[in-house]
Each structure stands twice: as structure tokens, then as C-alpha cells.
Amino acid sequence: MKKQYDFRDIEARWQRTWEEQDLFRSTEEPKQKKYYVLEMFPYPSGKLHMGHVRNYSIGDVVARFLKMQGYNILHPMGWDSFGLPAENAAIKHGAHPAEWTTQNIQEMKHQLKQLGFSYDWDREVATYHPDYYKWMQWIFIQFFKRGLAYKKEHPVNWCPSCHTVLANEQVVEGQCERCSAVVTKKNLSQWYLKITEYADRLLEDLDTLNGWPEKVRTMQRNWIGKSEGAEVSFRLKDRGEDLTVFTTRADTLFGVTYMVLSPEHPLVKPLVKDTPYEAAALAYIERCSKMSDIERTDTTNEKTGEFLGCYAINPVNDREVPIYISDYVLLDYGTGAVMGVPAHDQRDFEFATAFGLDIVPVVHPEDPIIDVEHLKEAFVAEGSMINSGSYDGLHNTEGSRRIIADLEATGRGKATVNFRLRDWLISRQRYWGTPIPMIHCDDCGWVPEKEENLPVLLPTDVVLTGRGESPLATSPTFVHTQCPCCGKPAQRELDTMDTFLDSSWYYLRYCDAGNPEEAFRKDRADYWMAVDQYIGGVEHAILHLLYSRFFTKVFYDMGLCSVEEPFTNLLTQGMVLKDGNKMSKSMGNVVSPEEIIERYGADTARLFILFASPPEKELEWTDAGVEGSFRFINRVYRLVEEMVGVTSGIPLVYRAEGSDDKQLDYVLNHTVKRVTEDIKNRFNFNTAISAIMELVNEMYRYKELDDINLGLLACATDRLVRMLSPFIPHVAEEMWAALGNTDSVYLASWPQYDPSALVLDSVEIVVQINGKVRERAVVAAGLDRERFTEEVLTCEPVAALIEGKEIIKMIAVPDRLLNIVVKA
RNA sequence: GCGGAUGUGGUGGAACUGGCAGACACGCAGGAUUUAGGUUCCUGUGGAGCGAUCCAUGUGGGUUCGAGUCCCACCAUCCGCACCA
């Protein structure tokens with residue numbers, strides 16, 4: 001151990017040693033309790049940013065701590081390596097996306113190693129590797145075979161100038177981000193996964209995820225958006241067809257005064273064909289199709305629409321109501337059609353007001369202040385039914401039930417459930433993704449590639465221009481193939497998969513990475529799954545986490561794994577800020593991990609990040625704070641360096657004799673207790689570190705005393721280094737070795753505290769008069785309520801305090817306080 | 001609009017079950033060491049007041065012997081969803 005803290009030497013040396021010893025390699029040990037720590041794998045965009053460092057520092061503390069607690073740890077890392085940035089870089093610089101990606105992976109892997117994270121690199125996965133996407137394709141085929149993948153027409157954002165499909169993020173204010181042409185819509189046949197079939201389970205099982213933040217669970221609940229109601233069929237006047245609507249308010253059926261269809265509803269054009277209303281309706285539809293989604297869904301818009309010149313007949317009272325189209329009705333929710341009840345729905349109220357339609361109240365409020373006959377806004381609360389024939393007088397929730405039952409009896413309606421969640425559109429008209437392993441044959445339709453032919457390799461002979469529909473179409477070798485069914489000439493699917501598929505099962509691949517025979521062996525997945533602690537940014541609260549849950553449930557149903565939920569505990573870490581703002585190139589406030597590692601070393605970077613803020617909160621980056629963490633490491637280093645000289649050869653046993661010994665003994669054991677609990681129960685690394693700082697301060701005080709107990713000091717030093725090792729592993733390793741240990745501190749056990757050292761002889765307590773602190777007193781610890789009160793009252797200053805006062809009552813909390821309530 | 005969170009010194013944050021508000025650190029001030037600066041070590045540091053004391057956890061109420069913590073109302077900021085019938 002050098003006299004000076006030389007982080008460059010220390011960090012490089014120990015990283016090499018760990019690698020040589022294969023220290024972080026994990027294997028299945030059926031007899032040992034396991035713990036799977038997972039951090040969200042990065043997109044290899046170039047270099048690590050501070051958000052990554054924070055994410056992985058948190059995970060590394062958890063992994064190293066639980067390892068020392070005796071768990072068999074799985075702590076893997078990999079690369080979410082398909083995606084648009086690589087493709088864009090390729091178009092821009094002419095390099096192949098694979099080259100760009102591989103280079104970035106190398107760079108970032110190097111940085112991760114520089115930070116000393118305890119990853120089992122033998123289990124590294126990269127989604128762009130054929131060994132990985134082979135199994136991605138296999139999984140897709142299983143979904144297809146189970147009826148969970150299907151094709152459907154869907155409009156995409158289309159830039160008429162670039163002749164290409166744009167992702168939503170590439171559309172800026174309705175214009176192409178590259179050429180500013182006005183973006184239009186184009187219908188393409190695309191693949192979907194039937195996540196809606198799992199909507200109920202995805203919703204219900206959220207209740208079992210107690211280890212998730214409530215915020216994330218709520219976000220998922222809202223995203224799934226279950227609503228219970230009924231479908232009601234209205235007959236179209238003078239036509240044989242029905243118009244079916246979805247409503248959650250069947251109780252308001254008697255208040256229907258009009259109907260609205262979404263402009264894109266398939267019934268609209270037939271209804272107006274060759275009528276005087278056709279021209280206006282088509283013009284309105286045209287206008288809507290040109291609006292961006294943001295414009296169209298702006299709730300502050302005035303309600304617009306067109307009358308279609310026809311009527312629907314209300315099944316409950318045979319009333320004829322006019323039919324409109326309006327953009328406030330969405331095609332892909334419910335049936336794409338709505339019954340208009342202006343009295344009890346604010347949107348309908350606005351529409352009826354704008355078009356001069358009747359407003360018929362059918363629910364009477366309990367609140368007499370509201371005049372239902374002259375509403376200023378829709379009345380949406382509960383009440384009793386009026387103007388509703390035989391249902392009058394019923395409470396509206398009961399009325400709703402009865403109306404639905406009666407509609408079911410006459411075949412005019414049925415109770416249904418609707419979800420906000422839509423099926424997952426997974427087709428991407430991109431190159432850099434997993435090819436969808438499907439083949440179209442004129443005779444057999446869509447058939448999957450034979451499993452023995454997987455992977456369907458991503459062709460390299462494509463031309464990336466950023467133009468055209470699907471880049472794979474430019475490959476001369478890819479498109480044409482034979483039908484796996486009948487052997488006739490057939491064409492391959494030219495789209496690739498949404499990269500969210502790749503990241504929906506990578507945590508399972510880690511359990512059996514590199515297996516050439518299977519996506520993952522069941523017994524291995526069963527040993528490691530579920531992930532005990534998942535850590536990542538809250539930006540993935542909905543999509544990634546929902547898709548992963550969906551995949552796990554499908555795998556469970558297929559018998560591929562035994563858990564229905566992939567992530568038992570979830571920690572969403574806060575953002576890293578600088579000067580109160582998110583670090584970004586445009587703000588010019590980016591602090592790069594590189595420069596911090598270069599200047600202070602990885603241990604300082606990790607310590608600062610963990611100390612400055614609890615993990616779920618935002619973290620404000622400050623140079624002074626980094627400086628402080630660096631100073632603390634130096635302070636510890638000097639202390640241990642001195643201790644190595646003083647306590648070498650001293651056995652780690654002691655008896656605390658005097659009050660100074662007892663004080664250090666107490667602080668030491670108390671620190672072990674606090675640090676253990678702060679890490680294990682709360683992930684409050686900041687308070688764990690501050691507790692260690694207090695121990696260090698105490699040790700500095702103690703070592704200067706005349707009469708010191710070397711066994712105690714040696715023991716304190718040993719515990720100190722163990723406790724620091726999850727946070728600052730390199731320097732801890734250096735100190736650990738200097739203390740005479742030959743195995744890595746990673747393999748050492750986590751210290752235990754001695755409860756008897758925490759029992760104090762006496763305690764300082766507080767004396768309150770009427771709840772205000774008036775005096776302090778020292779009394780024996782561990783007294784019962786009566787003896788405690790007696791002791792305190794006989795203390796001299798306390799006796800003086802209450803002299804001449806009339807005591808009404810006393811509240812005693814032994815070992816803490818005595819509150820004396822006196823007459824004012 | 002709906003849902004969720006947050007609000008404590010000059011700053012980051014602590015206070016876990018209602019029981020000494022401000023742990024730990026940053027910053028600042030002073031002292032020691034040093035030729036000097038830096039480093040290191042020590043001391044002090046919420047505000048007002050000479051003082052005993054008083055005032056302080058976004059604001060206003062309430063419950064309680066006692067409230068940063070529990071309840072009600074409000075304000076501010078952030079995040080998510082947003083014409084979902």
C-alpha cells in the first residue's frame with residue numbers, strides 16, 4: 001500500500017486482477033439462495049453518460065452487497081444494439097450499422113470495465129448478433145403459431161419528399177424532421193402482437209407487484225385503461241344495418257339525442273353516398289386526415305362535425321336521433337361510434353351546444369343546487385333516474401345494470417369491457433432490426449420460415465439511402481425464396497421488428513446466454529428467474545416493462561418458464577442534473593464520465609453519485625461534491641494506511657474496557673447495523689455512506705487517545721473496509737490486501753453487529769414542559785416507565801424546573817423523553 | 001381536465017414507528033501546521049436577541065401532552081396520461 005492514494009494504479013491493477021481471477025463469473029448452484037440483479041441494458045450510442053454510471057453504480061452496490069451476504073449472484077450486462085441511430089449514422093457516414101454498433105459496444109464496454117462493475121461478461125448478450133436474433137425470430141414464430149401475431153393494414157407517417165416511413169419522433173409539428181415536407185399517411189400491411197389478449201392479466205397481476213413503485217403501477221394501470229360498459233345496437237332508419245356503440249353509461253340511454261361516428265368509420269361513406277350530404281362529409285373527412293394527431297386531439301378545440309342526413313333508432317324508446325361525424329370520436333376505441341348524451345357527458349354537451357341539439361337530463365342529482373333542466377355543463381355524477389320510462393326513480397348504477405340486462409334479453413346490447421391498450425404494432429420499415437421470419441406465398445398465405453432455417457440473416461447487400469419503404473427490398477438476395485409449405489416461389493417479409501421486442505426477453509437469455517440449442521434452458525431460467533432487483537430509468541415505466549411482462553406471461557403459458565412476472569422489485573432511478581437541468585448537449589452542461597474517471601477515478605465517481613442523493617431522486621451534479629467524495633476516500637486511505645502499520649499482526653478480538661472503548665465499540669456496531677439496513681431495506685446508499693463517514697470520524701478521534709485498544713481498532717478497520725467495498729471496490733480491495741487478506745474483499749463476508757455493544761449504560765434524555773424542550777438529563781438506560789420517571793424527576797435541574805408548578809400529567813418515553821404537562 | 005410525486009439552512013440532503021429539526025457532506029468563517037499557497041488536522045456555522053428566550057420544515061386550519069411526520073383546505077414545481085365514450 002502506497003503512502004499516497006494513487007487511484008490510477010489501484011484501479012487498473014485490481015480490474016486486471018478481477019478479470020484474471022474470473023471473479024464475477026456466476027454458475028447455477030441449486031443449493032444456494034440466488035439473487036438476480038439487473039440493470040437495464042444500454043443502447044450502444046457511443047459513450048456512457050452519467051445516467052448510465054448512476055444506474056450501474058446502484059446495481060453494483062446491490063450485487064456486491066448481496067454477494068457478501070452469501071447470495072449466489074447473477075449480475076449480467078449486454079447491448080440493446082438494434083435501432084434507428086445506427087441506421088442514421090450509417091446513412092450519414094456510409095459505414096455499415098454493424099461497424100458503428102460494434103465500435104460503440106467496444107468503447108462502452110471498456111468504460112464499464114473502467115468503472116469496476118461486477119458483471120459476468122461471459123453472459124454478455126447483444127441483440128444484433130445472429131445468435132440472439134435467431135431466438136428472437138423463433139419466439140416470433142411461436143407467437144404466430146399461438147395466434148398472437150397477425151397482419152393488419154395500418155397507416156404510417158409518410159414523407160412524400162424522402163419517400164420514406166417516419167417514426168413518430170421524426171415528425172416535428174406535422175413535418176419531416178429532415179426535409180420539412182408535410183407528412184402524410186400511407187396504409188401499409190403490418191404485423192401486430194396481440195397484447196390485448198393479455199390485458200386483463202397484465203392489469204390484475206399489477207396488484208402482486210408490491211416491490212414496484214406505486215407510480216409505475218398506476219401508469220401501467222392507466223395505460224391498459226380498462227373500462228366496463230356495454231355495447232348497444234341502434235337500428236339505422238330505413239336501412240337493415242345496425243350502428244353499434246360502446247358506452248360506460250347505459251343508464252343515460254334515454255338521454256341520447258344524437259349519434260356520432262368517427263370520420264374514418266367504414267359506415268360513413270355508404271351512408272352519405274349519392275345524398276346531398278356527401279360533399280360536405282367528404283370534405284370534413286379530408287380535413288381531418290390532414291390534421292396531425294396533436295391538433296386533432298387538442299381538447300381545447302371547438303367541437304366540429306357534419307350531419308350525415310340519416311337517423312338511428314334508440315332501442316330503449318324508439319326515438320329517432322340524427323347521425324353526425326366528428327373528429328372527437330376515435331376510430332380505434334370501442335366501436336368507433338358514440339351515442340350523444342349531452343346532459344351527462346361534457347364533450348357531448350359541447351357538441352350539442354355547438355349544433356343546437358336537444359339536451360335531455362335523465363339522471364337527477366342529489367344536490368338540489370344543480371338545476372338539471374338548465375344545465376351549464378354536463379352533470380356527470382351519480383343520481384336517480386328521470387325521464388327514463390320504467391327505470392325512473394332507480395339509482396343510476398342500478399339502472400345501468402337493469403338496462404343492460406334488458407338489452408341483452410332483446411338482443412340489442414351486451415355488457416362488454418374495453419381497453420385503452422391497443423395491440424402492439426411491431427413492423428418497422430427499417431434495416432437495422434431483427435428480420436421478421438415470415439414468408440408470403442400466393443397459395444399458402446403468410447407462413448413462418450422453418451425453424452431449422454433460422455436465423456433469417458439480415459442481408460448485408462442492401463442500399464441504405466433513407467428513401468423507399470423497406471431497405472431490405474434493395475437486397476438482391478433476400479426477397480425471393482421458397483414457400484416453406486409448398487416449395488413454390490415466395491417472398492420474404494421485408495420489415496424488421498420493433499427493437500422493443502429484443503429487450504422484452506433479454507433477461508431470460510442471460511440465464512443461459514450463448515445456448516445454441518434453445519432460447520434458454522428451462523431449468524436455468526427457473527433457477528435464476530424472476531429478476532430480484534431491476535433498476536433503470538422511469539422512462540421505461542410503461543412500454544418496456546409492459547412488453548416484458550407480456551412476453552413472460554406468454555412464455556409461462558408456453559411452459560418455457562415458471563414465473564408469470566419477470567421483475568419482483570423495481571427501482572426507478574432519478575435523472576442526473578447539472579445546474580438544475582437535465583444534462584444535454586444543447587444545454588452545454590454535460591459532464592462526461594471519462595473526464596471524471598480521468599481526474600478522480602472510478603471510485604470517486606461512484607461514491608459521489610451514491611452519496612449525493614437517494615437513488616430514486618434527481619441527482620444534482622456538483623464539482624465541489626465530487627471533490628468532497630475524493631477527499632473522503634483520501635481520508636479513509638490515510639487512516640487505513642496508518643492502521644496497517646499500527647495493528648498488523650493484532651488479532652481481531654477485543655474487550656471494550658473504558659468509556660472511550662465503549663464509545664467506539666458502540667459506533668462501530670451501530671454503523672454496521674445502519675449500513676446493513678440502509679442498503680438492504682431501503683436502498684438509501686446516501687445515508688449508509690454518511691454512517692460510514694461518522695465511523696471514520698470516530699476512528700480519527702479514537703486513535704489519537706493515549707490509551708487505545710489495538711484489537712478494537714484492528715477490528716474497526718476490518719469492518720470499515722468490508723462495508724466500503726460495495727461502494728468503492730478498487731480502493732477497498734487495495735486496503736483489504738494491505739490488511740493482510742489474500743482473497744478478494746468481494747468474497748469476504750458482510751460484517752455482523754454485536755447487539756450487546758448497542759446496549760448503553762446511560763442515555764441522555766430530554767425533559768419537556770408542555771411539549772417544549774427545557775432540560776436534558778442523563779439517566780440509566782433500559783428503565784421501565786415508572787423508574788424512568790422517578791429517576792428523571794429526581795435529577796437536580798429537573799427538580800428545580802418543576803418547583804412550584806402544578807403538574808397535570810406526565811408522558812414518559814423511557815430512554816427518550818419525559819414531557820411534564822403543567823397548569824399554564 | 002384526470003392521475004402520481006415533491007416542497008426542510010447559503011447548497012445536496014438527514015430525521016425509518018408522531019418524541020432533541022438540520023445527521024452526513026458541500027460552502028463559508030476562524031485557528032493549528034506551512035516561508036507562502038495548496039493539502040491536512042481542529043473549532044464554529046438556520047434566523048432574531050447582550051441575555052433568559054423567541055421564531056423556523058411551501059401557506060392556512062385541525063387532531064395530539066407533543067406534528068417535518070397524521071387529517072382537511074390551498075399554493076407552487078415536476079412527471080405521466082389526456083376528446084378513451
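In this text the structure is predicted, and so the values were computed from the model without any measurement. So you know, we letter chains A, B, ... as the sequences are listed, proteins then strands, and number each from 1.
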**Asked** Can you tell me how far P of B:rU64 sits from NZ of A:Lys809, to the nearest Å?
**Response**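 So the two atoms are 10 Å apart, to the nearest Å.
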**Candidate nucleotides B:rC41, B:rG4, B:rA85, ranked by approach to the side chain of A:Lys215 - the nearest** =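 Selected nucleotide: B:rG4.
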**Request:** Output yes when A:Arg638 and A:Glu641 qualify as a salt bridge under the 4.0 Å nitrogen-oxygen rule, no when they do not.
**Result:**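 No salt bridge links A:Arg638 with A:Glu641.
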**Distance, C1' atom - from B:rG60 to B:rA76, rounded to whole angstrom** =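 Each nucleotide's C1' atom is 15 Å from the other's.
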**Item:** Ring center gap for A:Phe355 and A:Tyr258 short of 6.0 angstrom
**Value:**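 Centroid separation for A:Phe355 and A:Tyr258: 6.0 Å or greater.
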**Prompt:** Taking the side chain of A:Val821 as its heavy atoms from C-beta onward, which of B:rC41, B:rC65, B:rC83 lies nearest to it?
**Reply:**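 For A:Val821, the side-chain atoms sit closest to B:rC65.
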**Message:** Closest-nucleotide mapping onto RNA chain B: is A:Val538 or A:Arg422 further toward the 5' terminus? I mean the 5' end.
**Reply:**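 Going by which nucleotide is closer to the 5' end, it is A:Val538.
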**Prompt:** Going from CG on A:Leu267 to CD1 on A:Ile323, what distance comes out if it is rounded to the nearest 0.5 angstrom?
**Reply:**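 Going from CG on A:Leu267 over to CD1 on A:Ile323, the span is 8.0 Å.
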**Request:** Using a cut-off of strictly less than 4.0 Å, decide whether A:Arg631 has a side-chain nitrogen or oxygen near OP1 or OP2 of B:rG27.
**Result:**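 Yes.
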**Asked** Which heavy atom in A:Gln220 sits nearest to a heavy atom in A:Ala541, and how many Å separate them?
**Response**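 Residues A:Gln220 and A:Ala541, closest heavy atoms: NE2-O, 3.0 Å.
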**Message:** So A:Val329, base contact, sugar-phosphate only, or nothing? Heavy-atom distance under 4.0 Å.
**Reply:**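 The residue A:Val329 makes base contact.
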**Prompt:** Measuring from A:Leu817:CG to A:Ile765:CD1, what's the distance to the nearest 0.5 Å?
**Reply:**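 So the CG of A:Leu817 and the CD1 of A:Ile765 are separated by 7.0 Å.
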**Request:** Would you classify B:rG44 as syn or anti? Syn applies when the glycosidic angle is within 90° of 0.
**Result:**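 It is anti.
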**Message:** Looking at A:Tyr328, I'd like to know if the NZ or CZ of A:Lys303 sits under 6.0 Å from its six-membered ring centre while staying within 45 degrees of the ring's axis.
**Reply:**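 That pair qualifies as a cation-pi contact.
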**Asked** Reckon A:Thr248 touches a base, only the sugar-phosphate, or nothing at all at heavy-atom distances under 4.0 Å?
**Response**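 Sugar-phosphate only.
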**Intra- and interstrand pairs of RNA chain B - dot-bracket, Watson-Crick/G-U under 3.5 Å, | marks other strand** = (((((((..(((......[....)))((((((.......))))))(((....)))..(((((..]....))))))))))))....
**Request:** Select base, sugar-phosphate, or nothing to describe what A:Arg221 touches, counting heavy atoms under 4.0 Å on all strands.
**Result:**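 Nothing, no heavy atom under 4.0 Å.
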**Request:** Quote, to the nearest angstrom, the C1' distance that separates B:rG9 from B:rA56.
**Result:**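 One C1' to the other, the span is 10 Å.
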**Item:** Nearest-Å distance once atom P is located in both B:rG38 and B:rA29
**Value:**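 Per the computed distance, 11 Å lies between those P atoms.
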**Message:** Students often get this wrong, so: under 4.0 angstrom with heavy atoms, is A:Val338 touching a base, only sugar-phosphate, or nothing?
**Reply:**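 Base, at least one base atom sits under 4.0 Å.
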**Request:** Please state the P separation for the pair B:rC24 and B:rG44 - nearest whole angstrom.
**Result:**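 Roughly 11 Å separates the two P atoms.
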**Request:** Would you name the heavy atoms of A:Asp348 and A:Val341 that are closest together and state the gap between them?
**Result:**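 Reported closest heavy-atom pair: OD2-N, 2.9 Å.
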**Contact nearer the 5' end of RNA chain B, comparing A:Ile542 with A:Arg701** =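 Going by which nucleotide is closer to the 5' end, it is A:Arg701.
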Output side-chain donor-acceptor pairs under 3.5 Å for residues 572-580 of chain A, partner residues at least two apart or in another chain, one line each.
unit_1   : atom_1 : unit_2  : atom_2 : d
A:Gln573 : NE2    : A:Gly51 : O      : 3.3

**Message:** Please determine whether a side-chain nitrogen or oxygen atom of A:Arg638 lies at a distance below 4.0 Å from atom OP1 or OP2 of B:rC41.
**Reply:**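 Yes, A:Arg638 has a side-chain N/O under 4.0 Å of OP1/OP2 on B:rC41.
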**Request:** Taking all non-hydrogen atoms of both residues into account, name the closest pair between A:Pro315 and A:Val232 and its distance.
**Result:**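 Closest pair (atom of A:Pro315, atom of A:Val232, distance): CG-CG1, 3.7 Å.
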**Prompt:** Nearest to the side chain of A:Ala624, which nucleotide is it out of B:rC26, B:rC83, B:rC55?
**Reply:**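 Shortest atom-to-atom distance from the side chain points to B:rC26.
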**Prompt:** Say you pick atom P in B:rU57 and the same atom in B:rG62; how far apart are they, in whole Å?
**Reply:**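 Those two atoms are separated by 15 Å.
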**Item:** Pairwise P distance for B:rA52 and B:rG61, with rounding to whole Å
**Value:**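 Each nucleotide's P atom is 29 Å from the other's.
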**Message:** Could you tell me how far apart A:Leu331 (CG) and B:rC83 (C1') are, to the nearest whole angstrom?
**Reply:**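 After rounding, the reported distance stands at 15 Å.
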**Request:** Name the orientation class of the two ring planes belonging to A:Tyr5 and A:Tyr637 (parallel below 30°, tilted from 30 to 60°, perpendicular beyond 60°).
**Result:**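 If you compare the ring of A:Tyr5 with that of A:Tyr637, the planes turn out tilted.
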**Asked** Given B:rC55, is OP1 or OP2 found less than 4.0 Å from the side-chain N or O atoms of A:Lys772?
**Response**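 Yes, because at least one side-chain N or O of A:Lys772 sits under 4.0 Å from OP1 or OP2 of B:rC55.
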**Message:** At under 4.0 Å between heavy atoms, how does the protein contact nucleotides 17-24 of chain B? Give one character per nucleotide, 5' to 3', with B, S or -.
**Reply:** --BB--BB
**Contact check, side chains of A:Tyr284 and A:Asp327, non-hydrogen atoms, under 4.5 Å** =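 With C-beta onward as the side chain, the pair touches.
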**Nearest-Å distance once atom C1' is located in both B:rG68 and B:rG7** =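 It works out to 11 Å between them.
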**Asked** Between B:rG13, B:rC26, B:rA85, which nucleotide has the shortest distance from any of its atoms to the side chain of A:Phe246?
**Response**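 Selected nucleotide (nearest to the side chain): B:rA85.
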**Prompt:** Distance between the P atoms of B:rA67 and B:rC54, in whole angstroms?
**Reply:**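 Between the two P atoms, the distance is 14 Å.
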